[in-house]
Amino acid sequence: MNNNAARPLRIALTKGRLEKDTVALLEKIGYDCTAVHEKGRKLILPVGDSIEVVLAKAADVITYVENGVCDLGVVGKDTIIEMQGKFFELSDLGFGKCRFALAGKKGEDFYEGTHVRTIATKYPNVARTFFEKKNMDVDIVKIEGSVELAPLLGLSHAIVDIVETGTTLKENGLEVYEYICPISARLIANMVSLKLRKEEIEQLISAIEANI
């Protein structure tokens, strides 16, 4: 589905911090983002005359872009790695920086012994890929809330999660065992939109990259 004719270029933004950082970037380029600042409960908002932003959860940003109802999206690399999908990753926007990390109880040797480890995470695909590269067998438990609880309650030997400052880990007696990969906000594009709206998208990318 790609009903993108005769409408503004539509960009799906991940709600929250990435939304705010993206709006700041669009304003730096010269777009009027008044409607976004005054959005109330609205989820589809005009940005200037040529762009429309859609506010969504991270996973939905990818879904909307994949299916062509949004031409572009701004989403964290964490969601891209976990969900994968059919779209183009165009630019690293340089904000929303953090890292995936393997973490667990402070002072414990995670790699000691030959037993199968249990890993709690919101990102099972990321965790599975990480341990496959190490040729390690692990049991993965999907957690939706605070993954830090899992090793404290004895549910898992360690966690794979996003770490920004490490403060939450320290406050709960945990530490990073190993960093997995860096994360930041990325601009992604629908594959059909890149062909049909090539000029518009390239102009926007040029303006973005000149201001990051």
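Side chains are part of it too, since the values below use all heavy atoms of this structure and drop only hydrogens, waters and symmetry mates.
Within the structure, the ring pair (Phe, Tyr, Trp, His ring centres under 6.0 Å) test picks out no pair touching residues 63-92 (sequence neighbours left out). Note on residues 159-178: pairs passing ring pair (Phe, Tyr, Trp, His ring centres under 6.0 Å), not counting sequence neighbours, are F110-Y177. Applying the ring pair (Phe, Tyr, Trp, His ring centres under 6.0 Å) test to pairs two or more places apart or on separate chains, those with a residue in residues 153-174 are H115-H157.
At least one donor-acceptor pair closer than 3.5 Å links the side chain of N125 to the backbone N or O of E82. Between the K28 side chain and the N211 main chain, a donor and an acceptor come within less than 3.5 Å of each other. Counting only distance, with no hydrogens or angles, the side chain of N67 and the backbone of V69 share no donor-acceptor pair below 3.5 Å. Remark: the backbone N or O of S193 is not paired with any side-chain donor or acceptor of D71 at under 3.5 angstrom. Judged by distance alone, with hydrogens and angles left aside, the side-chain atoms of T63 form a donor-acceptor pair with the main-chain N or O of A59 at under 3.5 Å.
Contacts of T114 classified as side chain to side chain donor-acceptor pair (under 3.5 Å), with partners at least two apart in sequence or in another chain: none. Every side chain to side chain donor-acceptor pair (under 3.5 Å) that D92 has, sequence neighbours left out, goes to S184.
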Listed pairs under 3.5 Å, donor-acceptor, residues 98-105 side chains, sequence neighbours left out:
{"unit_1": "R99", "atom_1": "NH2", "unit_2": "Y179", "atom_2": "OH", "d": "3.3"}

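Using a 4.0 Å cut-off between charged side-chain N and carboxylate O, E66 and K86 make no salt bridge. By the 4.0 Å N-to-carboxylate-O rule, K106 lies too far from E175 to be salt-bridged with it.
With hydrogens and angles left out, the side-chain atoms of Y123 and D161 include no donor and acceptor closer than 3.5 Å. A donor-acceptor contact under 3.5 angstrom links the side chains of E209 and S91, judged on distance only.
Side chains of L174 and K170 form no contact here, defined as non-hydrogen atoms less than 4.5 Å apart.
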